[in-house]
Structures are given as structure tokens and as C-alpha cells.
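Working notes for the structure below.
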Amino acid sequence: MSQASTPLPPDYYLRNFHALLEQVQRQYEDLLLPEERRLCELFPSLCKDARMLYVRLLTRKGDVFRSSRLRYAEIRQGKKAAQELAEKELIAIDPALQLEKLLPLWSRQEWLTRLGALGQPTRGLASLKRAELDLVLTERLGELAASVPTIAGEPVYQLLNPDIFPVFKLLFFGNPYQDMTEFVLRDLGLYRFESYRLDRDTRLFRSREQIDAHLACHTLAEQLEVVLLEDAATILTFARTLPAQPADDPILSRRLQRMHYALARQLERLGHLAEALNLYRDLSLPDAQERQVRVLAKLGREQEALALCRERLAEREDTQHFPWRFGQRLARGLACDWPHRSAGKPKVEQLELAYTGEAVEHVAAEHFAALGDCHYVENTLLNGLFGLHYWPAIFAPAPGAFSHPFQHAPHDLHQDEFTALRADLLEEQHAAVARINEKTTDYQALWRDRFGCLNPFVYWQALNETLIATALERIPAAHWQAIFRRFWQDLKNNCSGLPDLILFPHEGGYELIEVKGPGDRLQLNQKAWMEYFAAHGIPHRVVQVSWRHD
DNA sequence: ACCTAACACACAGCT
DNA sequence: GTCCAGACTG
DNA sequence: AGCTGTGTGTTACAGTCTGGA
Ligand SMILES: [Mn+2]
Ligand SMILES: [Mn+2]
């Protein structure tokens, strides 16, 4: 309505569905079930009204609809369209339905009218709550044993094979999160995507089993939310029904692990430590391994907890805060030796500022503005320039990296083989960091050119040409190299925790400043960056603000 | 990748 | 009336 | 008071319309 500047054609949703359908058929025809393949073949042969009505049904909630609630201006002959869909067995008109499917289609008020029309007394029903009315209706209409058209008083349509569309969406997007709104938001100009080259030959799904496993996982994830509110026995039973983790599907495996983790964590809260521990043991998620150590300690099994800490540290000794820190405490309690770690805690400056009610970062930024140019950038400036610098590599074509036009990143960004598949390009760009200070006009142009393109690193609105220029002028190449290296070390975890402010003092140079309000403290990822800054001579400080009330 | 992830902040229990 | 959640739209 | 663990709220298109409390 309000996007008058960019109107969509009246059949926009039909075009979008055709695009999805064509790609699914082209890529996955051999993995489709008979009824799925039938839809691909049948759909294009329907008349336009029928196709539009079908897509309207698909994009609405549920599978049963009152015909009176399916009036669309762009569908000229809805009745005829429905009849064609029914002939082709894509929908059923007035099918036999369970009452609970029918009840939600009418409002409280409408049901009273319906009952009246059916010659039923309605005395006293007007004051009932919806749930109570539903009970009465179930009883009364059950006794009546009338047909669906009699009860409804108008045609009712049921979408047949409602499971097909979720399969097609999964095949098209490769995940269960994205849907047809991606098309709309893009076409309205609300989302912008990089125009990378699509790889139409590499498939995201190798087998029907894999597709079904993803769909099943999605269903289980929906059940999970409900189960988490239940008691320990229910949670445990549900955990046992989860499928085994597939060895050849890291994405599905991770999703299942996260579900196991959520269940175990809830068991822990309910006091079932041993059961939680059993679940944690089978998980390789870092969070789960941390919980394992904590639960062992809570159970009084400090020796085992300590042994686990040692194990973790032996795997990756680098920056693992938790096992070292927790292990240190355990070791002290058990009078064991524990390796010393020089990681000094960053010194924290106290700063008293007048209380204004604004966010502490803004107040602090204003304070530092007296010393130079100060910006509240958090994870936007360094990440942003990282994204600009590596933009061509991130969106470079690679086997299986891009399968549809609505991606924020290549599918394999967080997988091990990402770097190997782009080795040459990355090598080149790593080397180019040495000359990053000469790239100002390039990156300003890239910023203008690609502004708004969704991606994991560049938050376009937070940057501008001046900020890009100043950052490249003030921060030396060696520092960019160090920072970018840490991003690459762990793209998933190291892209957060960057300081709130950057100050470009009048006298030159720069400084990264993390602001902490009263009662706040450094988070682990923030602490890790501070230590890294210290180790690489990158100017930084932490200021703890206290409020001065006047 | 709103079925998440990043951040600040609130509060409890500990020393 | 009034507020809120959620379905639906482009 | 300071430390630690843990939980919470906010923020992601913008807008209309409906039903129910
Ligand atoms: Mn911050
Ligand atoms: Mn901060």
C-alpha cells in the first residue's frame, strides 16, 4: 500500500511461485515424489485464475478456507478457478472434515449466527469465551451430524497435499527459514542482494533421505518449543526420539546438536544433572562442553571436570578462556598444579559522566568528542572494512556456493573448505591488506555501489565515505592485517566483541574504546579482543562509567 | 539465516 | 471503548 | 563491595485489519 513508488504487478506472487517451481523442477526432478512431480507438470497448464488462487492458498496459514475469505481483486473468477483446482485434485471442495478444522474458520459472533441458521438455540452462548464456545460447538455439531456445506453455509476449500510446498521451499532456499517474502521484499526495494553468479549444477541436497531428514528436523524443532515447557520426563523422552546425527551433513548435525543442547540445558535447570550430563556428553558444541564441565563440578566430580578442562586445553590451547579459568579454580580446590597464563586483565579506567538518560555509549562518545573525532561503531567499522576488502572473494563463484538469488553469503562461508575453494583469490587479497591504506577511493566506490546488499560483515548505514577515509588513513596496515587475521581464524565467533567507540584524536592516530555502564562488565569475546589488541600494539582502552547526578 | 545473535542490564548467591 | 497478538498484504 | 553465574529485553519491512480479552 504505502510503497507507491515501486508497485508490484498484480500477479507478483504467481510470477514468484513460477520462478521457484521452475528451479525446483530443473534441479531436483529426480528426487521428487510422484505427487510433487505431478504438481510441477500440472501447474503450468492451469488457467491463470486457478494458478493464482492456488498460490494464494499456499501462502496462507492452514489448509482449510472459507470461500468467502478468498476474495481477491486480481482473481476474476474465483469460483471457476476453485472448480478447476478441484478437478485436478489440487484442492477439495466441501470435503469431510473434522470439526476442529472447521471451528477456527468462524468467529464467536459468526458461530452464533450459524447456529441460529441451523435452527439451534443460542441462548446463553453469547457470554461464553471462545474456548468454551468451541466445546459447546463440538458437542452440538457432533450430535447434529450435518454435512460440511450445511454447517458452513458456504463452500469450504481444502488444500490437498499441503506438504509439497514446504518441500519446494526447502529445495529452493536450502533452509527452512526463508520464504516467498524474500521475492517481495527484494522487489519492493527493501532488501538488496549481491548479483553473484548462480551455480545451477551443484545441488544442496543429494538424496531424498537428506531432504526428508531436514523436513523432519524442522518439525521436531517446532515441537521442541512446546516440550521445553514440560517436565523432565517429557523432555528426556523427546530427547531420545531425536534422530542420530548424520555424519555427512554438518548443517543438519548442528541443528540437531542445538536441539539436544536446549533439552539438556532445561533438564539442568530442573535439577536433573545426571541426565543433562548424559546428553551433553554426545555433543561437540563448545557450549555443551562447557556445561559438561560445570555439571560435573556441580555433581561434586571435580576430578573429572578438571580432566575435561585439560582435554579442552590440549585440543586448542590458544584463546580458550573457559577451560583455563574454570580449570584454575578446580585445580586450586583440589590442590593441583595449573599452568600459569600471562593474560593480564585489561586495565579499566573510571570515568564519571553527567547522567542524561541516554545510552552510556552515546554519552561517552560525546565526552571523547572533545579529544577528536569519536564514533559509536561497535561491530560495524572493522567488520565493515573487512567485508569491503574481501567482498570479491566472499561473493566469488564457487561450486555449490550460490544456489538462489536471496543469499546473504555463500552457503559454505562457515565450512572448513571455504578458504581452500578460494585459495588464490584469498591469497591475493591477504597480500593486498599491506596496501589497504591506498584503497580509500576503491572502498568508497564499493560502498556507494553495493550499498544495502545483504551480507554478514558490512552494515552499510553505519559507514560513510568520510569514516572509510579516516579509518584507512589513521589505522596502519599492520593493524588491519592483525585484525583481519583474527576474523579469519574464526569467522563465526570473532566477528563480535569489538569495542563500542573509535576515537580519532586531533593529534593523529586512533584508539578503540569499550564503554561499560555501571554494573556492566567485559564479556568474554570483548576481553579476548582486548588481549589481542594488547598483544598487537593496537591502541585500546576500557572505560567504566559512573553517573554523576545533578 | 528473526526457528537467531549481539549487546547491556538485572538479580541472586558467593566470598 | 482499548489493548494486544497474529494473520495477511505488497 | 566485588565476583560470578544466569536470565531477560531489545532489535531486526512497514503497515492494515480482525478477533478476542
Ligand atoms: Mn557495546
Ligand atoms: Mn560497551
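So you know, we letter chains A, B, ... as the sequences are listed, proteins then strands, and number each from 1. Since the model is a prediction, treat every value here as computed from it, not as a measurement.
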Return the value, rounded to whole Å, for the distance between atom [atom1] of [X] and atom [atom2] of [N].
| X | N | atom1 | atom2 | result |
| --- | --- | --- | --- | --- |
| A:E358 | B:dA8 | CD | P | 17 Å |
| A:Y376 | B:dA6 | OH | P | 15 Å |
| A:L330 | D:dT4 | CG | P | 14 Å |
| A:E378 | D:dT10 | CD | P | 18 Å |
| A:D187 | D:dA14 | CG | P | 18 Å |
| A:L57 | C:dT9 | CG | P | 11 Å |
| A:N175 | B:dT4 | CG | P | 12 Å |
| A:R254 | B:dA5 | CZ | C1' | 11 Å |

May I ask you to say what [X] touches in the nucleic acid, namely base, sugar-phosphate or nothing, with a heavy-atom cut-off under 4.0 Å?
| X | result |
| --- | --- |
| A:P176 | base |
| A:Y72 | sugar-phosphate |
| A:E514 | sugar-phosphate |
| A:L185 | base |
| A:R325 | sugar-phosphate |
| A:E222 | nothing |
| A:D500 | sugar-phosphate |

Which parts of nucleotides 9-15 of chain B does protein reach within less than 4.0 Å, heavy atoms only, written one letter per nucleotide 5' to 3' as B for base, S for sugar-phosphate only and - for none? B------
Taking only the side-chain heavy atoms of [X] (C-beta and beyond), determine which of [options] contains the nearest atom.
| X | options | value |
| --- | --- | --- |
| A:S496 | B:dA6, C:dT9, D:dG20 | B:dA6 |
| A:R60 | B:dC3, C:dC8, D:dG19 | C:dC8 |
| A:F326 | C:dG10, B:dC7, D:dG5 | D:dG5 |
| A:K298 | D:dT6, B:dA6, D:dC13 | D:dT6 |
| A:R329 | B:dC7, C:dA7, D:dG5 | D:dG5 |
| A:S107 | B:dA8, D:dG20, D:dT6 | D:dG20 |
| A:E225 | D:dC13, B:dC3, C:dA7 | B:dC3 |
| A:R108 | D:dT4, D:dG20, C:dC8 | D:dG20 |
| A:R130 | B:dA6, B:dA8, D:dA21 | D:dA21 |

Should [X] be listed as having a side-chain N or O under 4.0 Å from OP1 or OP2 of [N]?
| X | N | value |
| --- | --- | --- |
| A:R265 | D:dG7 | yes |
| A:R69 | D:dT18 | no |
| A:Y12 | C:dT9 | no |
| A:R294 | D:dT4 | no |
| A:Y177 | B:dC3 | no |
| A:Q526 | B:dA6 | no |
| A:N525 | B:dA6 | no |

With a 4.0 Å cut-off, would you call [X] and [Y] a salt bridge?
| X | Y | result |
| --- | --- | --- |
| A:K48 | A:E74 | no |
| A:E268 | A:R265 | yes |
| A:E110 | A:R114 | no |
| A:K527 | A:E514 | no |
| A:K516 | A:D500 | no |
| A:D11 | A:R15 | yes |

Does [atom1] belonging to [X] count more than 12 external heavy atoms closer than 6.0 Å?
| X | atom1 | answer |
| --- | --- | --- |
| A:D416 | CG | no |
| A:Y376 | OH | yes |
| A:R76 | CZ | no |

Applying the Watson-Crick and G-U wobble criteria at under 3.5 Å, what pairs with B:dT4? Answer none if nothing qualifies. none
Taking atom [atom1] in both [N] and [M], what distance in whole Å separates the two?
| N | M | atom1 | answer |
| --- | --- | --- | --- |
| C:dC4 | D:dT11 | P | 15 Å |
| D:dT8 | C:dA7 | C1' | 28 Å |
| D:dC13 | C:dG1 | C1' | 31 Å |
| C:dG6 | B:dC3 | P | 12 Å |

Are A:V458 and A:W391 close enough that some pair of their side-chain heavy atoms sits under 4.5 Å apart? yes
